[in-house]
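Accompanying notes for the structure given below.
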Amino acid sequence: MIAFVSGPVAALAPGSAVVEVGGVGLLLQCSPGTIAGLRIGESTRLATSLVVREDSLTLYGFADDDERQVFELLQTASGVGPRLAQAMLAVHTPDALRLAVAQGDEKALTAVPGIGKKGAQRLLLELKDRLGAPLGTAPAARPTTASAPASWREQLHAALTGLGYQPKDAEEAVDAVAPQAEAGGEPNVGALLRAALQTLNRSR
């Protein structure tokens with residue numbers, strides 16, 4: 001089990017990051033919110049979860065241990081694999097997921113690509129006693145202190161298409177959140193992703 005990796009960021013992509021550890025570049029699958037806080041050349045420490053399959057070893061990276069723990073707990077529910085668990089954490093913070101499950105909020109879960117009404121109902125039942133109570137009153141979007149490593153439009157569009165949305169729909173969602181992104185300060189890609197997903201969910 002690899003609990004965490006620490007080292008300089010060697011490369012970034014919309015869905016992944018490469019962290020150099022002892023001269024070896026480790027590829028980590030990360031949510032857009034996590035990637036938004038990374039900078040090439042700067043040192044980072046990411047909590048990790050190693051997913052072992054017959055034909056692959058995939059390392060997932062997280063901003064903190066809590067996000068990693070929730071990622072692993074989500075996969076104890078039937079029908080939830082690492083990709084769907086990561087998509088859930090791309091849309092909601094760990095505490096937002098705990099709150100949604102505690103309140104039986106189907107709408108919050110169906111905002112995640114790949115989860116329909118029946119799936120949300122099943123997940124609410126299965127996860128009720130697993131995620132635990134919300135830890136605090138953390139905002140739905142985790143703030144980041146640095147600007148996005150690439151154009152926020154490009155990063156957001158790539159994240160949405162990576163979650164399964166059509167390029168045209170993704171572009172419309174990006175346009176919808178543009179006023180929020182350009183309102184001042186540096187764009188928080190994680191917050192913009194959640195806002196874009198809410199826009200797409202309302203348009204269904």
Side-chain angles (χ1 to χ4, degrees), residues 1-77 80-101 112 123 127 129-150 152 155-156 158-159 162-163 186-194:
M1 175 67 180
I2 302 174
F4 69 89
V5 299
S6 180
V9 178
L12 291 171
S16 63
V18 176
V19 177
E20 183 179 343
V21 180
V24 177
L26 297 180
L27 178 67
L28 292 84
Q29 302 298 314
C30 303
S31 71
T34 297
I35 291 173
L38 303 178
R39 299 293 170 271
I40 293 176
E42 293 185 7
S43 183
T44 189
R45 183 185 187 277
L46 296 177
T48 58
S49 179
L50 180 64
V51 176
V52 180
R53 296 286 185 264
E54 289 184 3
D55 58 348
S56 66
L57 295 173
T58 306
L59 198 60
Y60 289 82
F62 308 93
D64 53 45
D65 291 335
D66 184 39
E67 192 174 62
R68 189 255 317 274
Q69 181 181 25
V70 170
F71 172 79
E72 294 175 346
L73 287 172
L74 289 172
Q75 293 177 73
T76 65
V80 179
R83 288 187 179 278
L84 183 56
Q86 189 180 48
M88 293 172 75
L89 286 167
V91 178
H92 301 293
T93 62
D95 240 22
L97 282 172
R98 291 189 185 98
L99 187 62
V101 171
V112 179
L123 287 173
L127 294 172
D129 299 321
R130 302 183 191 181
L131 292 186
L135 300 180
T137 55
R142 189 177 292 107
T144 119
T145 56
S147 60
W152 69 266
Q155 189 175 5
L156 186 57
L163 287 171
E186 297 175 345
N188 179 332
V189 178
L192 292 173
L193 175 63
R194 293 180 176 93

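Computed from heavy atoms alone, side chains included, the values below leave out hydrogens, waters and symmetry copies.
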Sequence neighbours excluded, the answer for side chain to side chain donor-acceptor pair (under 3.5 Å) partners of Thr76 is Arg130
For [X] against [Y], the heavy-atom pair lying closest together:
X	Y	answer
Pro94	Asp66	CB-OD2, 3.4 Å
Ala13	Ile35	O-CD1, 3.2 Å
Asp64	Glu67	OD1-N, 2.8 Å

Check: residues 19-32 side-chain donor-acceptor pairs under 3.5 Å, at least two apart:
unit_1 : atom_1 : unit_2 : atom_2 : d
Ser31  : OG     : Thr34  : N      : 3.3
Ser31  : OG     : Thr34  : OG1    : 3.3

Please determine whether side-chain contact (heavy atoms from CB on, under 4.5 Å) holds for the pair Arg98 and Leu131, giving the CA-CA distance in whole Å, both sets of side-chain angles, and the decisive distance to 0.1 Å. CA-CA 6 Å; Arg98 291 189 185 98; Leu131 292 186; 4.1 Å; yes
Not counting sequence neighbours, list each pair that qualifies as a ring pair (Phe, Tyr, Trp, His ring centres under 6.0 Å) and has a residue in [range].
range	value
residues 19-65	Tyr60-Phe71, Phe62-Phe71
residues 14-55	none
residues 27-50	none

Nearest 0.5 Å, please: how far is CZ in Arg83 from CD in Gln75? 12.0 Å
Go through it in stages, so that I can follow the logic: the residues are Val112 and His92, the test is side-chain contact (heavy atoms from CB on, under 4.5 Å), and I'd like the CA-CA distance, side-chain angles, deciding distance and then a yes or no. CA-CA 9 Å; Val112 179; His92 301 293; 4.1 Å; yes
Leu97 and Leu127: CA distance, side-chain angles, deciding distance, side-chain contact (heavy atoms from CB on, under 4.5 Å) verdict: CA-CA 10 Å; Leu97 282 172; Leu127 294 172; over 6 Å; no
Acceptor/donor pairs from residues 45-56 side chains to any protein atom, 3.5 angstrom cut, sequence neighbours excluded:
unit_1 : atom_1 : unit_2 : atom_2 : d
Thr48  : OG1    : Ile2   : O      : 2.5
Thr48  : OG1    : Ala3   : O      : 3.4
Thr48  : OG1    : Phe4   : N      : 3.4
Ser49  : OG     : Glu72  : OE2    : 2.9

